[in-house]
Amino acid sequence: MAMEFKRKLPIPKEIREEMPLPAGATSSKASFDAEVARIIRGESTKRLLVIGPCSADREDAVLDYVVRLARLQEEVAEKLVIIPRVYTNKPRTRGTGYKGLLHNPDPEGAPDLLEGVRAIRHMHLRVVEESGMFTADEMLYPENYQYLVDILSYVAVGARSVENQGHRLVASGIPVPVGMKNPTGGSTAVMLNSIYAAQAPQTFIFRNWEVATTGNALAHALLRGYQGLDGINYPNYHYEYLERLAERYARDMYESPAVVIDCNHDNSGKRPLEQTRIVNEVLDSVRRSTSIAGLFRGFMVESYLEDGAQPVGGGVFGKSITDACIGWERTELLVRGMAERL
């Protein structure tokens, strides 16, 4: 019934010093982050696309994917800024099962958190080295964010975490955009309160320090749909929802109101092939409504090398072991089609 304190892990600064960013990457990241910030603030005509596997489970497949993605980015650079999803922490509804590379550096082996900490940093670093792209990850555990603070250009706070005080406070001190998802129950008010808290200056205890933040003006809405009490998936990307959100998400209360649409999860009913249709519907709404266009900043898409999903240990290279994704062929069509319509 008690917790066993097994060993003290290296602090994030020690891991960052042990596994530093490549030479020159710091200045490249600053330029990239500035471009992403302009999109979130509505100062750029480009749109953001955060795209990649549901879970980044194995380094070789992720690197194959992001090298292809970097080539695709070159094709659509005038319209889209792409950030690869390298999600190494996975929330579990019932608290069991595969929890991501951090917990399970060997998906079929026993948890090893020290090896996991090094594995997640190594994977993110290899993405930067091989593709020149900076990454997105979910802040499932706020105290672990500092292990990747110098690499991430986008952070998501998930539906299960967005009501948590610690996530909101830490989000207020992150120097890059933080997408605050609507909670699992779908409440718009909860999501907007989370954005408000993340945009405000905060003082709190973090990793045994008293810290103060200036607030994160780039915190914004990330819509992922929700599941009702009846167990049915309810989307929140439709025209009517976005129109109502635009009325409530006002500039006199929030800095740079902005929305990114997550095309999978409850918005698609976990049917990944619907993501292309969702993209097209949202872009139709953007064309029809100036208020929706004023909020819209981009999409999040779940995509990998192969369509679908497989069990842990399934053995198919580049196929998700968590939620199903679209494969590479469909990804190319989706991204090129998106760019043509923007």
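Taking 4.5 Å as the limit, some side-chain heavy atom of Gln146 sits within range of a side-chain heavy atom of Phe206. Contact annotation: the side chain of Ile83 never approaches that of Leu49 to less than 4.5 Å [non-hydrogen atoms, C-beta and beyond]. Side-chain contact between Ile15 and Arg118 is present, with heavy atoms from C-beta onward closer than 4.5 Å. Considering only heavy atoms from C-beta on, Met338 stays 4.5 Å or farther from Arg47 through its side chain. Residues Leu69 and Ser131 fail the side-chain proximity criterion, which asks for heavy atoms closer than 4.5 Å. Ile82 has its side chain within reach of Val335: a pair of non-hydrogen atoms, C-beta onward, lies under 4.5 Å apart.
Side chain of Arg160 to backbone of Val157: no donor-acceptor contact under 3.5 angstrom is found. The main-chain N or O of Glu255 is found under 3.5 Å from a side-chain atom of Gln199 such that the two form a donor-acceptor pair. A distance-only check finds no donor-acceptor pair linking the side chain of Arg7 to the backbone of Phe5 [under 3.5 Å]. Checked by atom type and distance alone, the side chain of Arg121 pairs as donor or acceptor with a backbone atom of Met19 at under 3.5 Å. Within the 3.5 Å criterion, the main-chain N or O of Gly100 finds no donor-acceptor partner in the side chain of Lys90. The closest donor-acceptor contact from the side chain of Gln227 to the backbone of Asp266 lies at 3.5 Å or more, if one exists at all. Distance alone, capped at 3.5 Å, is enough to place a donor-acceptor pair between the Asn267 side chain and the Asp262 backbone. No donor-acceptor distance shorter than 3.5 angstrom exists from the side chain of Glu130 to the backbone of Val127, with no hydrogens or angles considered. A distance-only check finds no donor-acceptor pair linking the side chain of Glu302 to the backbone of Pro272 [under 3.5 Å]. Judged purely by atom type and a 3.5 angstrom limit, Arg85 uses its side chain to pair as donor or acceptor with the backbone of Pro53.
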### Task
Start with the C-alpha distance between Met253 and Tyr196, add both sets of side-chain angles, then the distance that settles side-chain contact (heavy atoms from CB on, under 4.5 Å), and finish with yes or no.
CA-CA 8 Å; Met253 288 186 64; Tyr196 191 90; 4.3 Å; yes
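Cluster partners of Leu229, using a side-chain heavy-atom cutoff of under 4.5 Å among ILVMFWY residues and allowing indirect links: none. Through direct or indirect side-chain contacts shorter than 4.5 Å among Ile, Leu, Val, Met, Phe, Trp and Tyr, Val67 is connected to no other residue.
A search for ring-ring contact (aromatic ring centres under 6.0 Å, His included) contacts involving Phe299 returns Phe296, not counting sequence neighbours. The ring-ring contact (aromatic ring centres under 6.0 Å, His included) test applied to Tyr154 returns His220, not counting sequence neighbours. Every residue two or more places apart in sequence or in another chain that forms a side chain to side chain donor-acceptor pair (under 3.5 Å) with Glu281 is listed here: His238. With sequence neighbours left out, Tyr249 forms a ring-ring contact (aromatic ring centres under 6.0 Å, His included) with Tyr254. Every residue two or more places apart in sequence or in another chain that forms a ring-ring contact (aromatic ring centres under 6.0 Å, His included) with Tyr226 is listed here: Tyr234. With sequence neighbours excluded, no residue satisfies side chain to side chain contact (heavy atoms under 4.5 Å, CB included) with Glu340.
Within the structure, every pair that satisfies the side chain to side chain donor-acceptor pair (under 3.5 Å) test and touches residues 133-142, not counting sequence neighbours, is listed here: Thr88-Asp137, His103-Tyr141, His124-Thr135, His124-Asp137. Within the structure, side chain to side chain donor-acceptor pair (under 3.5 Å) contacts touching residues 203-219 (residues at least two apart or in different chains) are Ser172-Thr213. The salt bridge (charged side-chain N to carboxylate O under 4.0 Å, His left out) pairs that include a residue from residues 304-316 are Asp307-Arg330, where partners are two or more places apart or lie in different chains. Contacts classified as side chain to side chain donor-acceptor pair (under 3.5 Å) and involving residues 65-76 (residues at least two apart or in different chains) are given here: Asp64-Arg68, Tyr65-Ser303, Glu75-Arg336.
There is a side-chain donor-acceptor pair under 3.5 Å between Asn236 and Asn182. A donor and an acceptor atom, one from each side chain of Asn280 and Arg341, are located under 3.5 Å apart. Side-chain atoms of Tyr304 and Asp57 form a donor-acceptor pair, as typed in the model, at a separation below 3.5 Å.
Between the OG atom of Ser55 and the CG atom of Leu101 there is a distance of 9.5 Å, given to the nearest 0.5 Å. If you take OG1 on Thr322 and OH on Tyr98, they are separated by 7.5 Å, rounding to the nearest 0.5 Å. Within the model, atoms OG of Ser268 and CD1 of Ile278 stand 5.0 Å from one another, a figure rounded to the nearest 0.5 Å. Here the straight-line distance linking atom CG of Leu140 with atom OG of Ser161 works out to 5.5 Å at 0.5 Å rounding. In this structure, the separation between CD on Glu247 and CG on Leu295 is 10.5 Å, given to the nearest 0.5 Å.
Placement of Ile11 and Val117 in two distinct hydrophobic clusters is found when ILVMFWY residues are connected by side-chain heavy-atom separations under 4.5 Å, directly or transitively. Neither Val316 nor Leu273 shares a network with the other; the hydrophobic side chains, linked directly or stepwise wherever heavy atoms of I, L, V, M, F, W or Y lie under 4.5 Å apart, form separate groups for each. Under the 4.5 Å side-chain heavy-atom criterion for Ile, Leu, Val, Met, Phe, Trp and Tyr, Leu333 and Met300 are members of distinct hydrophobic clusters.
A salt bridge does not link Lys46 to Glu78: none of the charged side-chain nitrogens sits closer than 4.0 Å to a carboxylate oxygen. Salt bridge annotation for Glu35-Arg38: absent, with no cationic side-chain nitrogen under 4.0 angstrom from a carboxylate oxygen. A salt bridge does not link Glu4 with Lys6: every distance from a Lys NZ or Arg NE/NH1/NH2 to an Asp or Glu carboxylate oxygen is 4.0 Å or more.
Other residues, nucleotides and ligands place more than 12 heavy atoms under 6.0 Å from the NZ atom of Lys29. Within a 6.0 Å radius of CD in Glu329, other residues, nucleotides and ligands contribute 12 heavy atoms or fewer. Tyr241 OH: more than 12 foreign heavy atoms inside a 6.0 Å radius.
When each of Arg168, Gln165, His167 is checked for a side chain to side chain donor-acceptor pair (under 3.5 Å) with Ser194, only Arg168 meets the rule.
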